[in-house]
A.B. asks: 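Take a look at the following structure, please.
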Amino acid sequence: MGDAAQQETPVPAIALRPPSQVMRLARMGSFFPTRLSFMPTLLREMARDEWRVTRPVCALDREGYGHVVYAVDTGSRIYSLVAFSHQLDPADRTDRVIAEAWDATFVLFDGMPDDADIDRLSRNAPKQEAGRFHPSELVLSRANRSVRIFEHVVDRLASGRQPDRKLLIEIGYLMRTTAVYGNGKFGIADRAKIEGRPELTGPFRAEMLTVYLIRCFTVDLVEHIARQRAPDAAVRLATDLKQHLGIGNATGLGMAPFLVSHPALINNWMAAREAGLAAIRSLTVVDPEKLAAFRRVFGRACRHAGEWVVDDARQAGRIAVLRRELATLQCWIETETGWLDDPHPWDALFRRAEAAFSLEGQEFLVALLLQPHGDLVDGLTDCMVAPASERLDPTMAVADLQILLQDHYGWVFEIDFGRPQEQRQFWYVSEEKAEPRLGDRYAEDGAEKEMPLAVARDVQALNNTLADAAPDQSVAAFVLKHPDYRHIIRRVQTVARHPYGEIRDNLIGEDCLPIDLLRCKLSFFGASKFDPKSDRWTRITLFQGAPFPEDLTLEAAEDWCFPALGEEA
């Protein structure tokens, strides 16, 4: 476990799953959102601290074009989403990052913007990367309307009817974001400006708040347009339909390298999740209220899986297997209940699933187990941040560095980099959009600009060079002679302190599927309904099922995971 998690969480009776089991791409690409994910964590804090969301400005015309301001009063500060709705030629609507125009653009503003701020942002937010921004801007985003559902919902509401329920289940959102930028990109505020603020301490907290407010905007927008079209006949969205609508997102390779470039932070995300699971598996009795809550969430989760439909053949097959496994799990929960008499009942249930289920089924059960045990695991969210801790220890001896390699990177030496397929791919940053991309080393130019993500290959090279160094030589002396190894030595030393910080697979091999990296990171955000469009990008849904600000109570913030619109069985 990482330093923070070790300090906050006692060692449970059941050991944490080891990094060698957890930190494999196939398993990470099977993760689901949990109650430790950033979106549910944000909403619990908003409800607990009674954040107040208002809409002080609504300047939309008859067609829904103009701007809206949402203000969030946290009790100590105000943050405002400034949303701009634009007229967009359908031919210009695309999920691709090369787009230069969108249906809507957004800025999360630090404080309450005045007229001058709004005027300035109205000229720059629509340009996104090409705009000019101030440190008062914390997050920048853009979104497009769903072609299949946006107009359908407006038309139905304007005619006094509710939208088609099956269509809402199939799509699940009115608009889809194509980027949510934070942390100093394009001149907006650097993370350092807000990292000391308690209300924004959690990972990606400002970005998650932005997406939540964008969701509010999408519903307000369709209802506004419907009222303008038919003032006397229009109706508002029914509560259950409204709550089921999340925010869509199209995400590609741009976010994948993050899991590699922040080992200490990723360690703490993973360690918190694993510590929570181990704590639950270590319980010696099953609390009846927790069991009832588990069964209730399980019932909704089965309906959620039934409504999860994708075109991708690989993922569709995995979902089909998951549904069969959930039917088996239902038998264990309702009839084959001998596991309840085990000295560690939840562990018995989990071990049974490990022996019988796919990775998808095992990780679905992890999310199910965490959900009703908030009193046991919620404190772990405090451990999911990490200060910059990647530092080189120049005093370490070469012999000690070699021991770290054997202890933490033994898996690396099973890879034969003499085989071309083991280093076919290379990661680079595109010049046009400054976004990470993946190239074919043997068919494309640019490998000389490769990002330092070939960890396994670099560790092997380091190990081979260390064989010729004196065992008592210091790292400082070694690096003076071999400066190209500085980055990988620093990484090895960091991972020795943060063992869940390293993905134990070859990230440049032809078998590496970037979609696994994307799904892992998005699961920590709280994303659901993963809908891969290739092995390099996916659509997802954010905040689906979450309560809106007017319904945000502590109880509602607790119970919206695995949203399902269909009727209960």
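Just so it is clear, the structure is predicted and the values come from calculations on it, not from any experiment.
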A.B. asks: Please find the pair of heavy atoms, one from Arg491 and one from Val455, that lie closest to each other, and give the distance.
C.D. replies: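 Shortest heavy-atom separation between Arg491 and Val455 comes out as NE-CG2, 3.6 Å.
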A.B. asks: Can you establish whether the number of heavy atoms outside Glu448 located under 6.0 Å from its atom CD is more than 12?
C.D. replies: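 Yes, CD of Glu448 has more than 12 neighbouring heavy atoms, counting only those of other groups under 6.0 Å.
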A.B. asks: Between the side chains of Tyr500 and Arg17, does any donor sit under 3.5 Å from an acceptor?
C.D. replies: no
A.B. asks: With a 6.0 Å cut-off (strictly less than), is the heavy-atom count around CG of Asp115, excluding the residue itself, greater than 12?
C.D. replies: no
A.B. asks: Is a donor on one side and an acceptor on the other found under 3.5 Å between the side chain of Asp49 and the backbone of Trp51?
C.D. replies: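 No; zero donor-acceptor contacts below 3.5 Å.
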A.B. asks: Rounded to the nearest 0.5 Å, what separates atom OG1 in Thr541 from atom CG in Leu522?
C.D. replies: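 So the gap between those two atoms works out to 11.0 Å.
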A.B. asks: Could you check whether Arg205 and Thr41, counting side-chain N and O atoms only, form a donor-acceptor pair closer than 3.5 Å?
C.D. replies: no
A.B. asks: Check whether more than 12 heavy atoms from other residues, nucleotides or ligands sit under 6.0 Å from atom CZ of Arg486, and answer yes or no.
C.D. replies: no
A.B. asks: Taking Arg437 first and then Glu444, would you say they form a salt bridge - that is, a charged N and a carboxylate O separated by under 4.0 Å?
C.D. replies: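 Here Arg437 does not pair with Glu444 in a salt bridge, since their nearest N and O are not under 4.0 Å apart.
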A.B. asks: Got a donor-acceptor contact below 3.5 angstrom from the Thr538 side chain to the Ser534 backbone?
C.D. replies: no
A.B. asks: Listed by chain and number, what are the side chain to side chain contact (heavy atoms under 4.5 Å, CB included) partners of Asp505, not counting sequence neighbours?
C.D. replies: Arg24, Leu25, Ile503
A.B. asks: So, Asp458 versus His487: side-chain donor-acceptor pair below 3.5 Å or not?
C.D. replies: yes
A.B. asks: Please say whether more than 12 non-hydrogen atoms of neighbouring residues, nucleotides or ligands are located less than 6.0 Å from CD in Gln87.
C.D. replies: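 No, the 6.0 Å shell around CD holds no more than 12 heavy atoms from other groups.
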A.B. asks: Is it true that a side-chain atom of Asn124 and a backbone atom of Arg132 form a donor plus acceptor pair closer than 3.5 Å?
C.D. replies: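 Yes.
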A.B. asks: Check the pair Glu450 / Arg457 against salt bridge (Lys or Arg N to Asp or Glu O under 4.0 Å), numbers first and verdict last.
C.D. replies: CA-CA 13 Å; Glu450 184 171 10; Arg457 185 192 62 192; 3.5 Å; yes
A.B. asks: So which atom in Ile540 and which in Leu542 form the shortest heavy-atom distance, rounded to 0.1 Å?
C.D. replies: CD1-CD2, 3.7 Å
A.B. asks: With no hydrogens and no angle check, is any side-chain donor or acceptor of Arg497 less than 3.5 Å from a backbone partner on Gln493?
C.D. replies: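 Judged by distance alone, yes, a pair lies under 3.5 Å.
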A.B. asks: Rounded to the nearest 0.5 Å, what's the gap from OG on Ser85 to CG on Asp61? Could you check?
C.D. replies: 8.0 Å
A.B. asks: Report yes if some heavy atom in the side chain of Tyr79 is under 4.5 Å from a heavy atom in the side chain of Met112; otherwise report no.
C.D. replies: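 No; the side chains remain at least 4.5 Å from each other.
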A.B. asks: Do Tyr70 and Ser80 have side-chain heavy atoms sitting under 4.5 Å apart?
C.D. replies: no
A.B. asks: Can you tell me if Thr34 uses its side chain to pair, donor with acceptor, with the backbone of Leu36 under 3.5 Å?
C.D. replies: yes
A.B. asks: Output the distance between atom CG (Asp445) and atom OH (Tyr428), rounded to the nearest 0.5 Å.
C.D. replies: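 Interatomic distance, Asp445 CG to Tyr428 OH, rounded to 0.5 Å: 10.5 Å.
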A.B. asks: Mind listing the closest non-hydrogen atom pair of Val139 and Glu207 along with its distance?
C.D. replies: CG2-N, 4.0 Å
A.B. asks: Fit a plane to each ring of His86 and Phe84, take the angle between them on a 0 to 90° scale, and name the class: parallel (under 30°), tilted (30 to 60°) or perpendicular (over 60°).
C.D. replies: parallel
A.B. asks: Taking Met175's backbone N and O only, do any of them form a donor-acceptor pair with Arg145's side chain (distance below 3.5 Å, no angle check)?
C.D. replies: no
A.B. asks: Do Val153 and Glu223 come within less than 4.5 Å of each other through their side chains, counting heavy atoms only?
C.D. replies: no
A.B. asks: Quick check on the 6.0 Å ring-centre criterion: do Tyr181 and Phe186 meet it?
C.D. replies: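 Close enough - the centres of the two rings lie under 6.0 Å apart.
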A.B. asks: Does any non-hydrogen side-chain atom of Arg539 lie less than 4.5 Å from one of Lys529?
C.D. replies: no
A.B. asks: Measure across Leu438 and Pro514 and return the closest heavy-atom pair with its distance rounded to 0.1 Å.
C.D. replies: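 Looking at all heavy atoms of both residues, the shortest contact is CD2-CG, 3.6 Å.
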A.B. asks: For a 4.5 angstrom cut-off between non-hydrogen side-chain atoms, does Glu170 reach Val309?
C.D. replies: no
A.B. asks: State whether a side-chain donor-acceptor pair under 3.5 Å links Glu360 with Gln315.
C.D. replies: yes
A.B. asks: Any donor-acceptor pair under 3.5 Å linking the side chain of Glu195 with the backbone of Thr201?
C.D. replies: no
A.B. asks: Testing the basics here: between Val260 and Pro263, what is the closest heavy-atom pair and its distance to 0.1 Å?
C.D. replies: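 In this case the closest contact between Val260 and Pro263 is O-CD, 3.7 Å.
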A.B. asks: So does Arg191 get a backbone contact from the side chain of Asn183, meaning a donor-acceptor N/O pair under 3.5 Å?
C.D. replies: yes
A.B. asks: Do Val366 and Leu370 come close enough that some side-chain heavy atom pair is under 4.5 Å?
C.D. replies: yes
A.B. asks: Carefully, step by step, assess Phe525 and Met208 under the rule side chain to side chain contact (heavy atoms under 4.5 Å, CB included).
C.D. replies: CA-CA 8 Å; Phe525 284 3; Met208 296 301 99; 4.1 Å; yes
A.B. asks: Could you check whether any side-chain heavy atom of Arg314 comes within less than 4.5 Å of a side-chain heavy atom of Ile515, counting everything from C-beta outward?
C.D. replies: yes
A.B. asks: Please give me the minimum heavy-atom distance between Leu108 and Ala206, naming the atom from each residue.
C.D. replies: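 Reported closest heavy-atom pair: CD2-O, 3.6 Å.
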A.B. asks: In Å, rounded to the nearest 0.5 Å, how long is the span from CZ of Phe106 to CZ of Arg142?
C.D. replies: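 One gets 11.5 Å once the value is rounded to the nearest 0.5 Å.
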A.B. asks: Hey, could you give me the CG/CG distance between Asp516 and Asp535, rounded to the nearest 0.5 Å?
C.D. replies: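 Output value for this atom pair is 9.0 Å.
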A.B. asks: Would you sort out whether Met270 and Cys520 count as a side chain to side chain contact (heavy atoms under 4.5 Å, CB included), showing the intermediate values?
C.D. replies: CA-CA 10 Å; Met270 294 287 185; Cys520 176; 3.4 Å; yes
A.B. asks: Any sub-3.5 Å donor-acceptor pair from Trp308's side-chain atoms to Asp531's backbone N or O?
C.D. replies: no
A.B. asks: Using side chain to side chain contact (heavy atoms under 4.5 Å, CB included), reason through Arg52 and Val72 one step at a time and then give a plain yes or no.
C.D. replies: CA-CA 6 Å; Arg52 184 168 172 264; Val72 181; over 6 Å; no
A.B. asks: Tell me whether Lys449 contacts the main-chain N or O of Val429 through its side chain, where contact means a donor paired with an acceptor under 3.5 Å.
C.D. replies: no
A.B. asks: May I ask you to check if Arg519 and Phe31 form a cation-pi contact, with NZ or CZ under 6.0 angstrom from the six-membered ring centre and within 45° of the axis?
C.D. replies: no
A.B. asks: Please verify the inter-ring angle class for Phe524 with Trp269; under 30° counts as parallel, over 60° as perpendicular, anything in between as tilted.
C.D. replies: tilted
A.B. asks: How far apart are the C-alpha atoms of Glu558 and Arg48, what are their side-chain angles, what is the distance that settles it, and do they pass the salt bridge (Lys or Arg N to Asp or Glu O under 4.0 Å) test?
C.D. replies: CA-CA 11 Å; Glu558 276 283 327; Arg48 185 190 67 230; over 6 Å; no
A.B. asks: Is it the case that Gln544 and His244 place a side-chain donor and acceptor less than 3.5 Å from each other?
C.D. replies: yes
A.B. asks: To the nearest 0.5 Å, how far apart are CG in Leu221 and SG in Cys216?
C.D. replies: 12.5 Å
A.B. asks: Report yes if some heavy atom in the side chain of Phe543 is under 4.5 Å from a heavy atom in the side chain of Pro40; otherwise report no.
C.D. replies: no
A.B. asks: So, Glu137 and Arg120, do they make that salt bridge, N to O below 4.0 Å?
C.D. replies: yes
A.B. asks: For Asp110 and Ser136, test the side chains for any donor-to-acceptor distance below 3.5 angstrom and give the result as yes or no.
C.D. replies: no
A.B. asks: Taking the six-membered ring for Trp, are the ring centroids of Phe109 and Phe133 within less than 6.0 Å of each other?
C.D. replies: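 So the answer is no for these two rings.
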A.B. asks: Between Leu174 and Val222, does the side chain to side chain contact (heavy atoms under 4.5 Å, CB included) criterion hold? Intermediate values first, please.
C.D. replies: CA-CA 9 Å; Leu174 295 167; Val222 292; 3.9 Å; yes
A.B. asks: What is the ring orientation for Phe562 with His304, classed by angle as parallel under 30°, tilted 30 to 60°, or perpendicular over 60°?
C.D. replies: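 Because their plane-to-plane angle is over 60°, the rings of Phe562 and His304 count as perpendicular.
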A.B. asks: Quick check: are there more than 12 heavy atoms from other residues, nucleotides or ligands sitting under 6.0 Å from CD of Glu50?
C.D. replies: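 Open: at most 12 neighbouring heavy atoms sit under 6.0 Å from CD of Glu50.
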